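Below you'll find the structure, written out as structure tokens, and then a few comments.
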Amino acid sequence: MRKNLVAGNWKMNGSLVENAALLAGVKTALAGMEAVVCVPFPYLAQAQSALAGSSIAWGAQNLSEQARGAYTGEVSASMLLDFGCRYVIVGHSERRSLYGESDEMVARKYMAAQAAGLIPILCVGELLDERDSGITERVVARQLDVVIAAAGVASLAKAVVAYEPVWAIGTGKTASPEQAQAVHAFIRGKIAALDSEVANGLVIQYGGSVKASNAAELLAQPDIDGGLIGGASLILEEFVAICKAAAK
Ligand code: PEP
């Protein structure tokens, strides 16, 4: 039986002062419950010291595909491990669209994360014009296929997949539970065709304007196993309510 997993993606938000209150609040309100917060790199040490010993894991929002060397501005998987990260978001649509990350680069980052023992949260999802042209499944399949070709289907036993329709991220537009469920079922079915055990155990999160008010109906879908939460993860009451809805 899969357990729901909710992860917060703070994006490029926060400050030492703001984070202190948010991290302490999450730790207290979700004591004993599993959840993840993915913070900006400079705040990993703060997350580590605030959350160590609690049930809340922390992670990063990106990593380098390289292990070390002359890659100015990059951060490697082993550096994330130094700060106690368990998770790292890979292939977020903002990385793909704003920073030109190709499917192949995303696959290399996914493998770099796993090689270090981090759990990648692999984001996939279609643009609005791709949905409107009826090619959502083709896009999501391509994004997954590149990772599976590079890392193998068995690698998904140590990963999380996040379906994030790009048109729903930060826009206030949420995929309907039926729209999201259809793509989640497609993803699981595609992986099941290669390895049914991996598919059954795979946590597939939904992301895209999830809020406390719409979390329960999304999470009630059989193939939605949690959420990747952007804006609402910065609001303590919202994030806590979403995590509690996922724990029901
Ligand atoms: C995200 O950042 O991955 C995301 C889904 O953002 P939001 O919840 O704000 O749409």
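Bear in mind that the values here come from a model prediction, so they are computed numbers and not experimental data. We count ligands from 1, going down the list as the structure has it; atoms in each ligand are counted the same way.
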Distance to 0.1 Å, residue and atom name: give those for the protein heavy atom nearest to [atom].
atom: atom 2 (O) of ligand 1; result: Lys11 CE, 2.6 Å
atom: atom 1 (C) of ligand 1; result: His92 NE2, 3.3 Å
atom: atom 8 (O) of ligand 1; result: Gly230 N, 2.9 Å
atom: atom 9 (O) of ligand 1; result: Gly231 N, 2.8 Å
atom: atom 5 (C) of ligand 1; result: Glu164 OE2, 3.0 Å

Looking at ligand 1, does any of its N/O atoms fall within less than 3.5 Å of an N/O of Ala232?
no

What atoms of ligand 1 come within less than 4.0 Å of a heavy atom belonging to [X]?
X: Gly170; value: 7 (P), 9 (O), 10 (O)
X: Ala168; value: 10 (O)
X: Asn9; value: 1 (C), 2 (O), 3 (O)
X: Gly208; value: 5 (C), 10 (O)
X: Ser209; value: 7 (P), 8 (O), 10 (O)

Just checking, any donor-acceptor pair under 3.5 angstrom between side chains of Asp223 and Gln181?
yes

Side-chain donor-acceptor pair under 3.5 Å between Asn4 and Lys248, yes or no?
no

With Asp195 as partner, the option from Leu156, Leu202, Val153, Asn200 fulfilling side chain to side chain contact (heavy atoms under 4.5 Å, CB included) is Val153

How many angstroms lie between atom OH of Tyr43 and atom CG of Leu23, to the nearest 0.5 angstrom?
11.0 Å

In Å, rounded to the nearest 0.5 Å, how long is the span from OH of Tyr110 to CD1 of Ile121?
12.0 Å

Among the heavy atoms of Gly227, does any lie under 4.0 Å from an atom of ligand 1?
no

Is the ring pair Tyr163/His184 parallel, tilted or perpendicular, if the boundaries are 30 and 60 degrees?
perpendicular

Donor-acceptor pair, side chain of Glu130 and main chain of Leu127, under 3.5 angstrom
yes

With a sphere of 6.0 Å drawn around CD of Glu197, does it hold more than 12 non-hydrogen atoms of other residues, nucleotides or ligands?
no

